[in-house]
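Let me begin by presenting the structure, written as structure tokens, before commenting on it.
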Amino acid sequence: MTSFQKAKDRIAQGILGLSRSYSGNKRSILRLEEPCPRVNCLDWLYAQAGEVKLYWADRDNSFQMAGIGIADQARGEVIHSYASVFQAISRKLSSGDQSRYYGGMGFYPPEANRGRASKSAKAREWKAFGGYCFLLPRFEIVNRRGKYFLACNIAAQHIGELLIKDCLGALEKISFSVASRAASILKIKSLSLSPDSEEWQKLFREHIQPAGKMAYEKIILAQNTSIELTSEVNPLEVFRKLTQAAQGSFHYYFQPLKNCAFFGASPERLLKRQGVDIESEALAGTRPRGKTPREDAYYERALRDSPKEELEQGIVVRAIKGAFKKLCVSWEADSKPSVAKASSAHHLITRFRGTLKDNVDDARILTVLHPTPAVGGIPRAEALKAIAKLEPFERGWYAGPIGYIGYDCVDFAVALRCALMKDNLVNLYAGAGIVEGSSADEEWQEIEQKKSIFLNLFRKR
């Protein structure tokens with residue numbers, strides 16, 4: 001008997017031991033977890049049947065989770081308040097619980113959602129995701145710093161004979177035989193841009209005041225690239241290619257329906273909280289990676305020496321400093337920005353660490369931090385109104401918080417370098433920061449460069 005089968009058998013015994021007359025907290029989550037051999041989490045996920053699939057990995061892969069099915073969920077069509085999102089989850093978790101809800105939220109914060117009319121045609125593309133959605137997987141493979149576990153999550157309120165039967169049946173179907181499969185050829189049939197280059201020039205001009213000053217200290221404007229592939233493709237195939245091309249990033253995959261997924265490889269952490277300790281980072285300013293070490297060093301120097309990029313990153317640093325002053329009893333930040341080297345780009349980065357004040361909860365943290373000027377703008381409220389008015393598509397989860405919520409921990413990346421995919425249709429999202437000294441052509445090229453890591457995965461017809 002293999003070690004994988006032993007782990008499955010022990011979890012099956014635990015499921016059978018659940019009683020229909022469970023008398024504990026009916027709102028709690030029960031977790032059965034057993035050690036298992038090392039396995040490639042993405043290959044395992046690809047081999048599983050079922051519609052719902054989830055994946056999360058931090059930048060160094062010290063924590064990975066691949067999940068299938070739904071044990072519980074917190075979902076809403078609109079974010080009325082961050083507090084309601086966190087409370088719907090936290091009340092079900094308890095101290096020592098390793099269960100985590102994985103998912104994301106829309107870009108626009110609650111105050112910006114009030115009275116905002118979404119672009120209905122594009123908003124339909126986000127229907128399966130809602131304003132927010134966090135799922136607790138039924139089964140998971142978890143990698144915690146090289147130690148692997150098979151886990152089953154069960155919501156106590158649903159315990160009964162039918163649930164036990166369903167869980168045992170689903171457990172039996174879990175496969176650990178990861179056979180090699182021929183990769184699909186990802187060919188582009190058609191491609192369209194929103195805004196296109198002419199519309200982008202017009203949007204850019206709208207932010208230049210008569211005296212030559214920018215209308216906002218900083219604003220992020222984005223583009224949606226709509227791609228039709230020549231044939232239907234499993235989104236997980238595209239995501240697997242992306243993780244190989246974009247190493248050293250936060251990797252996330254959220255598939256609520258068959259062949260419908262939102263996924264990406266983000267270079268930027270929004271917030272991480274463990275107990276009263278919190279981390280965040282200001283990441284802004286972009287230069288491409290070079291094809292040779294010499295060219296790469298040239299782009300890195302150009303990033304460091306650019307007054308415009310320094311200004312753009314400084315605006316984000318100032319905003320996060322202000323947030324940490326409100327949230328923390330003590331905090332520290334890097335004395336000067338360093339260069340973060342993602343697979344496709346260099347970025348300026350300043351890291352923040354702090355200890356939270358008493359009674360500061362996750363809803364308060366997110367309210368103060370998101371969206372940073374790295375994805376929104378300054379002044380924040382005015383920039384958000386302008387983005388909602390001017391961008392010819394619905395951002396949905398693009399540039400929103402994506403990650404997980406646990407009992408005493410939260411980890412969110414910013415949903416960047418991302419795609420929304422359904423069947424043979426792919427929407428890519430990328431933006432650029434406009435500040436004093438920006439030019440429409442340079443910002444357009446920055447967006448093109450950010451998309452390149454995705455476009456390189458596809459072939460033209």
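Nearest heavy atom pair, residue R304 against residue P337, reads NH1-O, 4.3 Å. When all heavy atoms are compared, the tightest approach of R59 to P267 is NH1-O, 2.9 Å. Between P373 and V316 the shortest heavy-atom distance is C-CG2, 3.9 Å. Closest approach of P137 and A71 over heavy atoms only: O-CB, 3.7 Å.
In the model, K173 has no side-chain atom that pairs as donor or acceptor with a side-chain atom of Q48 under 3.5 Å. For the residue pair Q274/D408, the side-chain donor-acceptor check at 3.5 Å is not satisfied. For the residue pair T350 / D334, no side-chain donor-acceptor distance below 3.5 Å is found, with atom types taken as modelled. Side chains of T286 and H347: a donor-acceptor N/O pair is present below 3.5 angstrom, by distance only. Looking only at atom types and distance, the side chain of D60 has a donor-acceptor partner in the side chain of S62 under 3.5 Å away. Side-chain polar atoms of Q201 and D441 form a donor-acceptor pair below 3.5 angstrom.
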Stepwise, does the ring pair (Phe, Tyr, Trp, His ring centres under 6.0 Å) test hold for Y404 with F63?
-> CA-CA 12 Å; Y404 65 75; F63 178 78; 5.7 Å; yes

Can you list the steps and then say if N224 with S194 is a side-chain hydrogen bond (donor to acceptor under 3.5 Å, both in side chains)?
-> CA-CA 5 Å; N224 174 22; S194 179; 5.7 Å; no

Between N424 and S231, does a side-chain hydrogen bond (donor to acceptor under 3.5 Å, both in side chains) hold up when you go through it step by step?
-> CA-CA 6 Å; N424 69 324; S231 61; over 6 Å; no

Please report the C-alpha distance between F458 and V238 in whole Å, then the side-chain angles of each, then the deciding distance to 0.1 Å, and finally whether the side-chain contact (heavy atoms from CB on, under 4.5 Å) criterion is met.
-> CA-CA 9 Å; F458 304 109; V238 183; 4.1 Å; yes

List the steps and the verdict of side-chain contact (heavy atoms from CB on, under 4.5 Å) for D277 and R353.
-> CA-CA 7 Å; D277 298 324; R353 299 156 294 278; over 6 Å; no

I141 and F149: side-chain contact (heavy atoms from CB on, under 4.5 Å), yes or no, with the steps?
-> CA-CA 6 Å; I141 290 289; F149 303 87; over 6 Å; no

Check against side-chain contact (heavy atoms from CB on, under 4.5 Å), L384 and F107 = CA-CA 10 Å; L384 291 177; F107 165 75; 3.6 Å; yes

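Look at E312 and K218 and you find a salt bridge, because one of the NZ, NE, NH1 or NH2 atoms lies within 4.0 Å of a carboxylate O, short of that distance. Look at D411 and R100 and you find no salt bridge, because none of the NZ, NE, NH1 or NH2 atoms lies under 4.0 Å from a carboxylate O. A salt bridge between R351 and E268 is absent, with no side-chain N of the basic residue lying under 4.0 Å from a carboxylate O of the acidic one. E33 and R144 are joined by a salt bridge, as a carboxylate oxygen and a charged side-chain nitrogen come within less than 4.0 angstrom of each other. The residues E300 and K341 are annotated as salt-bridged, a charged nitrogen and a carboxylate oxygen being separated by less than 4.0 angstrom. K189 has a carboxylate O that lies under 4.0 Å from a charged side-chain N of E228, or vice versa, which qualifies the two as a salt bridge. Checked for salt-bridge contact, E448 and K451 meet the test: a charged N lies under 4.0 Å from a carboxylate O. Of the charged side-chain nitrogens involved, none lies within less than 4.0 Å of a carboxylate oxygen, so that R138 and E140 do not count as a salt-bridged pair. We find that E446 and K450 are joined by a salt bridge, their nearest charged nitrogen and carboxylate oxygen being less than 4.0 Å apart.
Seen from the ring of Y429, R395 does not count as a face-on cation partner, given the 6.0 Å and 45° thresholds.
Centroid-to-centroid, the aromatic rings of Y252 and W56 stay 6.0 Å apart or farther. Ring centers of F352 and F324: under 6.0 Å apart, within the cut-off. Taking the ring centroids of Y253 and Y55, they lie at or beyond the 6.0 Å cut-off.
Ring-plane geometry between W44 and F176 is classed as tilted, the angle between the planes lying from 30 to 60 degrees on a 0 to 90 degree scale.
For the pairing with F129, the ring-ring contact (aromatic ring centres under 6.0 Å, His included) check across F263, W397, Y398, F134 returns one residue only, W397.
Taking OG of S266 as the start and NE2 of H251 as the end, the distance is 9.5 Å to the nearest 0.5 Å. In this structure, CG on L428 lies 11.5 Å from CD1 on I453, to the nearest 0.5 angstrom. Separating the SG atom in C152 from the CD atom in E34 is a distance of 11.0 Å, to the nearest 0.5 Å.
In this structure the side chain of T225 reaches within 4.5 angstrom of the side chain of L191, judged on heavy atoms.
Of the possible donor and acceptor atoms, one in the side chain of R380 sits under 3.5 Å from a partner among the backbone N and O of H370. Side-chain atoms of Q313 come within 3.5 Å of backbone atoms of A282 as a donor-acceptor pair (strictly under, hydrogens ignored).
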